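Inspection log for the structure reproduced underneath, given as structure tokens.
Chain A is the first sequence line, chain B the second, and so forth, proteins listed ahead of strands; every chain is numbered from 1. Quick caveat, the model's predicted, so the values are computed rather than measured.
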Number of protein chains: 2
Amino acid sequence: MPDADRRLLDEIILPIRDVTARRDLIREGQSSDNVRLIIQGLACRYKNLPNGRRQIVAYLIPGDFCDLHVHVLKAMDHSIATVSACKVVDIPRYRIAEMTERPALARALWWATLVDEGTMREWLLNVGQRPAVERIAHLFCEFHVKLQAAGVVTNGTFSLALNQEDIADTTGLSMVHVNRCLQQLRELGLLKMRYKIVEIGDTVALMRFCGFNSNYLHLDALESVA
Amino acid sequence: MPDADRRLLDEIILPIRDVTARRDLIREGQSSDNVRLIIQGLACRYKNLPNGRRQIVAYLIPGDFCDLHVHVLKAMDHSIATVSACKVVDIPRYRIAEMTERPALARALWWATLVDEGTMREWLLNVGQRPAVERIAHLFCEFHVKLQAAGVVTNGTFSLALNQEDIADTTGLSMVHVNRCLQQLRELGLLKMRYKIVEIGDTVALMRFCGFNSNYLHLDALESVA
DNA sequence: CGTAAAATTGATCTGCTTCAACAAAGGTGG
DNA sequence: CCACCTTTGTTGAAGCAGATCAATTTTACG
């Protein structure tokens, strides 16, 4: 990445904001002139049904870019909330325009959009077609791969601020059933999650168990971007 | 839209290809230098599980643009197939580059991407949280709104090339259950679908029934684009 | 008019939900 | 540093939405 681009990036992410856990960053229906970017912590996009049921549709981890679409968008079609305490940056609209004028940055933004879309397609497959245990296993495989790429995995172990209700709302299952599936995965020796610490003994076994294929994350294309 | 842009568009969509129904346009894992664009007919994006289960993750109707991301992408993370007979155009990579240089066209492409993403989020909510009958009703509401905008709905009636298995693979339900839900919707007087013809008597009632809100389709932003 | 694709029906089964209670952790203020 | 309280996780029991299997009817179409 050219130095000038780096400098632009550094400048953009200057006013860093601290946000506590479990707090909405923006709600469905609101409009926004900013793109939100998570610098540290874990956040999620979600949608609600009138009856209160919640579906988490994406997680935002450090290194993930957010929507780049605000310049066409009139109102948010979903909400964003922190899961853990986060460091957040609000990038004004014109900054995005600046970024898209730099080929290297534009390419990175396109890549991020591509991965987001690919991930949602995979989630649809996951929620629509996989049985509960595999569904949950698949989610953890994805976190493992993404967090590994982010360099925060040691020995198949990483910390993840999710509780079982979050997992339920992500996979379209009930909390109770998620709990039982996690126990099953523990008994199978595939995955341990105890109080925000995830431990995957045999990554390959877990991935084979749920048919995980990381192609949708397009990590190969990442090299030509970063 | 400027005349020059129109001319560019007309030029791009020149070599039109006819494809019969139920045929793959491109398969997961393949790479592609082209973006496919559906001019006429109905197509879908889908993913398969090793055991054969299929999840449809998007429909492509005339007027919808396809992936604009090929220039970063190494391999397809999903397949695309026709549902009905289609007229298809393959747009080479450099043509996309040309288009993104025109502000009006670039804006339209961004809008299309935004809507695709918003739609997938809504589908996740649909598949993950809504009960079967509402889930199916919601799908038909979406088709109604999109096809209405495309100007092919008369009197709440439109033709839709889907069979019940497609609906099942879209909603994550079994074919048998889809059949029973459709009967239920018929009995409720909300929706009739007989052999590729969909008839919605009371649109408002159907939308209220499943809590449909078209905000995720961002039709308001369409005006500033088209 | 015959055949293949799609829709429909019935019966049975099960994966997951719901409800409701209880246990364990972890954070907090005294 | 302990007692309390809240959040999170765990367990059991009962019920049901939706799956599966398998046959039959209807429709489309060559």
Using a heavy-atom cut-off of 4.0 Å across all strands, would you classify [X] as base, sugar-phosphate, or nothing?
X: A/Arg186; answer: sugar-phosphate
X: A/Asn163; answer: sugar-phosphate
X: A/Arg53; answer: sugar-phosphate
X: A/Arg135; answer: nothing
X: B/Leu182; answer: nothing

For the side chain of A/Pro131, counting heavy atoms from C-beta on, which of C/dC16, C/dT8, D/dA19 is nearest?
->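 That would be C/dC16.
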Choose from D/dT27, C/dT17, D/dT11 the nucleotide whose nearest atom is closest to any side-chain atom of B/Arg194.
->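 Of D/dT27, C/dT17, D/dT11, D/dT27 is nearest to the side chain of B/Arg194.
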Under-4.0 Å salt bridge between B/Asp220 and A/Lys74 =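 Looking at A/Lys74 together with B/Asp220, the answer is no, because their closest N to O distance does not fall below 4.0 Å.
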Does a salt bridge link A/Glu122 with A/Arg130, judged by any charged N lying under 4.0 Å from a carboxylate O?
->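 Looking at A/Arg130 together with A/Glu122, the answer is yes, because their closest N to O distance falls below 4.0 Å.
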How close or far is atom [atom2] of [N] from atom [atom1] of [X], stated in whole angstroms?
X: A/Ile136; N: C/dG15; atom1: CD1; atom2: P; answer: 15 Å
X: A/Met175; N: D/dT11; atom1: CE; atom2: P; answer: 12 Å
X: B/Glu165; N: C/dA7; atom1: CD; atom2: P; answer: 9 Å
X: A/Arg22; N: C/dG27; atom1: CZ; atom2: C1'; answer: 15 Å
X: B/Glu187; N: C/dT8; atom1: CD; atom2: C1'; answer: 13 Å
X: B/Asp166; N: C/dA6; atom1: CG; atom2: P; answer: 8 Å
X: A/His177; N: D/dG15; atom1: NE2; atom2: C1'; answer: 15 Å
X: B/Ile197; N: D/dT27; atom1: CD1; atom2: P; answer: 15 Å

For residues B/Gln183 and B/Asn179, is any side-chain donor paired with an opposing acceptor at under 3.5 Å?
->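 Judged by distance alone, the side chains do pair up.
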Do B/Asn48 and A/Gln129 have side-chain N/O donor and acceptor atoms under 3.5 Å apart?
->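 Absent: no donor and acceptor within the cut-off.
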Within the pair B/Asn179 and C/dT8, is there a side-chain N or O less than 4.0 Å away from OP1 or OP2?
->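 Result: yes.
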Looking only at side-chain N and O atoms, does B/Gln183 come under 4.0 Å of OP1 or OP2 in C/dT8?
->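 B/Gln183 to C/dT8 OP1/OP2: no side-chain N or O under 4.0 Å.
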Would you check, one step at a time, whether the test side chain to side chain contact (heavy atoms under 4.5 Å, CB included) holds for A/Leu49 with A/Gln55?
-> CA-CA 8 Å; A/Leu49 243 37; A/Gln55 175 70 40; over 6 Å; no
Closest nucleotide of DNA chain D for A/Val176 versus for A/Lys196: which of these residues is on the 5' side?
->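 Checking each residue's closest nucleotide, the 5'-ward one belongs to A/Lys196.
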Check: A/Arg180 side chain, D/dG9 base, donor-acceptor under 3.5 Å |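 Side chain to base: no pair below 3.5 Å.
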